[in-house]
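The basis for the numbers below is simple: all heavy atoms, side chains too, and nothing from hydrogens, waters or symmetry mates. All chains are named by letter (A, B, ...) in the order of the sequence lines, taking the proteins before the strands, and each is independently numbered beginning at 1.
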There are 2 protein chains.
Amino acid sequence: MKSYGQYCSVAKTLDLVGDRWTLLIVRELLLRGPIRYTDLRGGLPGIATNLLADRLRALEAAGVVAREEPGPPIATTLFRLTPRGEELREALEALGRWGIPLMVPGPAAGDAFRAPWLAFPAEQFLADRRPDGPPVRIEVRTAEGAIVIESREGRIQTLPGTTEKPDAVLSGKSHAVLGLLTGRVDLPAAESMGLRCEGDRAVLRRLLPKPIATAPEPAPKLSS
Amino acid sequence: MKSYGQYCSVAKTLDLVGDRWTLLIVRELLLRGPIRYTDLRGGLPGIATNLLADRLRALEAAGVVAREEPGPPIATTLFRLTPRGEELREALEALGRWGIPLMVPGPAAGDAFRAPWLAFPAEQFLADRRPDGPPVRIEVRTAEGAIVIESREGRIQTLPGTTEKPDAVLSGKSHAVLGLLTGRVDLPAAESMGLRCEGDRAVLRRLLPKPIATAPEPAPKLSS
DNA sequence: CCGCATCCGGGGCGATACTG
DNA sequence: CAGTATCGCCCCGGATGCGG
């Protein structure tokens with residue numbers, strides 16, 4: 001994209017990561033770590049393959065992404081964030097926080113969903129009420145994949161995929177899971193939305209936010 | 001722009017503010033407050049006037065911007081952020097922080113500059129070492145306008161424009177001012193870059209960051 | 001003047017096909 | 001698997017016009 005030509009740190013940032021799709025590529029790399037081109041495509045439904053290649057080249061030139069060619073055992077290329085790219089996490093989190101109210105009405109018709117996208121809300125809204133307790137892991141399953149939410153020593157972390165012997169398992173539609181994770185609805189309400197919960201419910205109560213008396217923010221008008 | 005069609009809060013945010021120029025429009029509204037269309041254009045060198053009108057309409061529909069028609073004394077329209085729009089400040093600040101290293105090499109050939117753009121670095125890097133002291137104001141003048149940096153009760157604020165009886169006045173090139181405000185260079189070094197300083201230098205020492213032993217971050221490669 | 005609307009060229013973007 | 005090639009289309013950029 002053409003530079004904005006402005007000596008301003010916001011404009012300079014957008015010169016590098018303001019292109020369409022670019023910040024979503026960074027999102028995937030933040031959430032899923034070193035990843036193959038094809039898996040990256042899978043996490044970015046809708047992107048054109050030439051655009052993905054273009055963006056990866058530009059991000060590499062900008063020092064945000066590094067390309068890694070592992071040795072003989074692995075015959076593929078991995079893309080990962082550089083330390084400088086990792087520093088975009090704060091900005092991505094801020095943008096994601098701002099977007100939470102936009103998720104309340106539920107997915108629009110035709111919206112894609114991937115389980116790792118739950119990681120931002122999870123790390124943002126969950127907190128361990130017993131930070132000194134033993135580590136716990138909750139597995140979250142949706143039709144489009146699973147993530148594991150782990151709390152150890154008071155820190156919440158998420159990993160894509162599943163785990164053995166989770167303390168609890170949540171499964172259901174993305175909208176119901178999200179309502180629960182953001183504290184917008186409580187567990188019984190989420191279950192009435194189709195969420196299923198197995199395992200130790202005390203572990204859930206330990207991590208889940210207190211449901212908030214919803215602010216009177218009106219549903220944003222749909223446009224575009 | 002077309003929606004990404006992803007049920008993810010980052011993607012939903014970018015659906016609303018990810019268009020080219022949109023976040024820079026929000027930047028101007030954050031830094032300069034309610035403002036006329038023409039002045040907005042002046043703060044966004046390079047934007048096409050039809051794009052500005054399009055973006056303002058879209059931001060209005062998204063609930064980020066409100067249009068205000070003052071009464072008879074004023075015969076113009078003012079654009080301002082809604083409270084929801086103000087909430088984008090954190091995201092803009094995070095993006096601006098990430099871009100500070102990109103400012104170190106100085107403006108690229110042909111880069112535009114406006115004094116209010118210094119506000120993000122100023123509020124980010126300055127801190128009052130004597131929060132209980134009397135309020136102080138520093139006026140910063142460049143060829144492209146001036147801002148006032150004010151500290152009262154330990155809080156740093158910036159306003160576009162000038163003020164009467166500032167405690168100190170800094171004037172010079174944007175690059176020198178920025179180096180000083182971010183703590184990359186100290187006052188003597190900035191003066192050797194052409195910065196001029198009048199008034200109470202103790203006030204400057206009270207607010208300026210301690211110059212940092214510069215991290216060994218190499219200058220980012222230029223590309224575009 | 002201020003706040004746009006219209007027109008038009010060029011390029012970024014989207015979808016599909018194809019390849020080492 | 002990791003891209004390149006190709007081809008419309010629409011968004012963007014720049015200029016001009018125009019009603020209030």
Tell me, please, which residues at least two apart from [X] pass salt bridge (Lys or Arg N to Asp or Glu O under 4.0 Å).
X: Arg89(B); result: Glu86(B)
X: Glu139(B); result: Arg141(B)
X: Arg20(A); result: none
X: Arg137(B); result: none

Pairs in or reaching into residues 20-69 of chain B: which pass ring pair (Phe, Tyr, Trp, His ring centres under 6.0 Å), with residues at least two apart or in two chains?
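Qualifying pairs, neighbours excluded: Tyr4(A)-Trp21(B).
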Could you list all the ring pair (Phe, Tyr, Trp, His ring centres under 6.0 Å) pairs where at least one residue sits in residues 90-110 of chain B, not counting sequence neighbours?
none
Note: contacts of residues 24-38 of chain A with DNA chain D (heavy atom, under 4.0 Å) are Arg36(A), Tyr37(A), Thr38(A)
Using a 4.0 Å heavy-atom cut-off across all strands, classify Arg41(B) as base, sugar-phosphate, or nothing.
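Result for Arg41(B) = nothing.
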Would you indicate what Thr76(B) reaches in the nucleic acid, counting non-hydrogen atoms under 4.0 angstrom: base, sugar-phosphate, or nothing?
sugar-phosphate
Base versus backbone protein contacts along nucleotides 6-13 of chain D [heavy-atom cut-off under 4.0 Å; B, S, -]
B-----SB
Please round to the nearest 0.5 Å and tell me the distance separating atom [atom1] of [X] and atom [atom2] of [Y].
X: Thr163(A); Y: Ile149(A); atom1: OG1; atom2: CD1; value: 12.5 Å
X: Tyr7(B); Y: Leu118(A); atom1: OH; atom2: CG; value: 9.0 Å
X: Gln157(B); Y: Leu126(B); atom1: CD; atom2: CG; value: 13.0 Å

May I have the distance from Leu56(A) (atom CG) to dT4(D) (atom C1'), rounded to whole angstrom?
14 Å
Under 3.5 Å, which donor-acceptor pairs link side chains of residues 23-35 of chain B to any protein atom two or more places apart or in another chain?
{"residue": "Arg27(B)", "atom": "NH1", "partner": "Gln6(A)", "partner atom": "OE1", "Å": "2.9"}
{"residue": "Arg27(B)", "atom": "NH2", "partner": "Gln6(A)", "partner atom": "OE1", "Å": "3.0"}
{"residue": "Arg27(B)", "atom": "NH2", "partner": "Gly43(B)", "partner atom": "O", "Å": "3.4"}
{"residue": "Glu28(B)", "atom": "OE2", "partner": "Trp117(B)", "partner atom": "NE1", "Å": "2.7"}
{"residue": "Arg32(B)", "atom": "NH2", "partner": "Asp39(B)", "partner atom": "O", "Å": "3.2"}

Nucleotide interval of DNA chain C bounded by contacts with chain A (heavy-atom cut-off, under 4.0 Å):
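Boundary nucleotides touching chain A, in 5' to 3' order, are dC13(C) to dA17(C).
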Less than 4.5 Å apart, side chain to side chain, heavy atoms only: is that true for Leu92(A) and Val10(B)?
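Heavy-atom side-chain distance check passes, below 4.5 Å.
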Just so I know, are the side chains of Pro121(A) and Ile100(A) near enough to count as touching, which here means a heavy-atom distance under 4.5 Å?
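The answer is yes; the side chains approach within 4.5 Å.
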Would you work out how much the helix from dC1(C)-dG20(D) to dG20(C)-dC1(D) bends between its ends, with each end axis defined by five base pairs, to 10 degrees?
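Inter-axis angle at the termini of the helix from dC1(C)-dG20(D) to dG20(C)-dC1(D): 30°.
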Sorted by first residue and then second, give each salt bridge (Lys or Arg N to Asp or Glu O under 4.0 Å) pair with at least one member in residues 93-106 of chain A; sequence neighbours left out.
Arg97(A)-Glu90(B)
